[in-house]
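Read through the structure below, which is laid out as structure tokens, and then see the notes.
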Amino acid sequence: MALDDKKYEKFYKTDGTGDDKAKASDVARAEELWDLDRAKGCEVYLNHPDFAPLIFQLQQMQDELDALRTEISSNKDKTAFPGFGTSGSTCLAGDTTVISSTQASAITANTAKVSLVGGTGTALSFGEMITKGKGKTATYSIVMTAVKSGVSKSVTLTLT
């Protein structure tokens with residue numbers, strides 16, 4: 001999610017060469033005055049009926065910005081997502097192999113099968129299902145073949 005556009009402008013610029021650039025001497029003097037006022041706890045401003053609420057709100061915003069910077073820093077400094085693991089027994093990030101290529105090949109080979117071999121050496125195979133008719137009168141047929149010790153027997157199963 002992208003950030004919304006900012007709704008504020010700089011009070012003054014310290015770079016560039018245009019008329020809107022603040023003089024370095026003016027900025028330095030403002031900082032000196034601020035340091036003097038701050039050294040006395042901004043007493044003059046906090047006791048002034050017009051400035052006190054503004055100074056109070058500016059301090060609230062500064063505290064909020066400091067809290068946001070802490071949160072941003074703690075997230076920006078992360079080297080790994082905490083929900084991800086670091087070993088095969090935990091959830092891993094990105095290029096985690098869930099199954100091996102041998103396992104994937106075995107699945108593909110098994111999916112392609114049209115027969116199965118029973119425990120006694122009997123192999124069963126099935127042909128394609130054939131549909132005759134439509135709707136409620138349709139019939140479906142499939143040929144099943146069983147092979148054991150070289151002997152092959154077939155049966156056609158018809159479903160109605």
Side-chain angles (χ1 to χ4, degrees), residues 1-119 123-131 133-138 140 142 144 157 159-160:
M1 180 168 85
L3 290 174
D4 292 339
D5 291 339
K6 64 181 183 176
K7 297 178 180 170
Y8 59 88
E9 297 178 22
K10 292 177 77 84
F11 285 100
Y12 56 88
K13 294 184 179 181
T14 56
D15 58 357
T17 57
D19 291 339
D20 57 351
K21 179 181 176 186
K23 295 178 187 171
S25 59
D26 291 344
V27 173
R29 179 68 180 144
E31 186 175 6
E32 287 173 19
L33 292 171
W34 173 246
D35 288 342
L36 290 171
D37 289 336
R38 194 175 38 154
K40 295 181 182 180
C42 292
E43 181 180 27
V44 171
Y45 297 119
L46 290 174
N47 288 310
H48 192 283
D50 294 327
F51 295 146
L54 294 173
I55 294 298
F56 175 78
Q57 282 300 310
L58 286 170
Q59 183 62 52
Q60 296 292 307
M61 288 189 291
Q62 186 176 22
D63 292 345
E64 181 70 14
L65 288 172
D66 288 343
L68 290 171
R69 288 177 58 83
T70 298
E71 293 298 320
I72 291 167
S73 179
S74 68
N75 281 302
K76 187 177 177 187
D77 295 342
K78 288 182 180 173
T79 57
F81 181 72
F84 292 147
T86 56
S87 69
S89 63
T90 59
C91 177
L92 300 175
D95 60 355
T96 302
T97 301
V98 178
I99 62 172
S100 69
S101 58
T102 302
Q103 291 168 321
S105 296
I107 291 169
T108 301
N110 196 40
T111 302
K113 286 184 179 178
V114 292
S115 64
L116 65 103
V117 176
L124 297 175
S125 62
F126 301 89
E128 292 292 323
M129 184 163 30
I130 301 166
T131 305
K134 291 185 179 180
K136 293 181 180 181
T137 62
Y140 304 91
I142 189 165
M144 179 180 74
L157 304 171
L159 307 169
T160 56

Check whether more than 12 heavy atoms from other residues, nucleotides or ligands sit under 6.0 Å from atom [atom1] of [X], and answer yes or no.
X     : atom1 : answer
Glu31 : CD    : no
Gln59 : CD    : yes
Glu9  : CD    : no

In Å and rounded to the nearest 0.5 Å, what is the [atom1] to [atom2] distance from [X] to [Y]?
X     : Y     : atom1 : atom2 : value
Leu46 : Asp37 : CG    : CG    : 10.0 Å
Met61 : Leu68 : CE    : CG    : 12.5 Å
Leu54 : His48 : CG    : NE2   : 10.0 Å

Measuring only between side-chain heavy atoms, which start at C-beta, is [X] closer than 4.5 Å to [Y]?
X      : Y      : answer
Asn47  : Tyr45  : no
Thr17  : Lys21  : no
Ile142 : Leu159 : no
Leu36  : Lys40  : no
Cys42  : Trp34  : yes

(request) Go through the structure and list residues passing side chain to side chain contact (heavy atoms under 4.5 Å, CB included) with Ala138, not counting sequence neighbours. (result)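 Once residues adjacent in sequence are excluded, the partners of Ala138 under the side chain to side chain contact (heavy atoms under 4.5 Å, CB included) criterion are Tyr140.
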(message) For Lys13, give me all partners under side chain to side chain contact (heavy atoms under 4.5 Å, CB included), at least two apart in sequence or on another chain.
(response)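 Asp15, Asp20.
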Check whether any side-chain N or O of [X] sits under 3.5 Å from a backbone N or O of [Y] as a donor-acceptor pair, and report yes or no.
X      : Y      : result
Gln103 : Ser100 : yes
Ser74  : Glu71  : yes
Ser105 : Ser101 : yes
Thr137 : Gly133 : no

(request) Using a strict cut-off of less than 4.0 Å between a Lys/Arg side-chain nitrogen and an Asp/Glu carboxylate oxygen, indicate whether Asp35 and Arg38 qualify as a salt bridge. (result)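 So Asp35 pairs with Arg38 through a salt bridge.
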(request) Check Leu65, Asp66, Leu58 against Gln62 for a side-chain contact (heavy atoms from CB on, under 4.5 Å) and give me the one that passes. (result)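 For Gln62, the side-chain contact (heavy atoms from CB on, under 4.5 Å) check succeeds only for Asp66.
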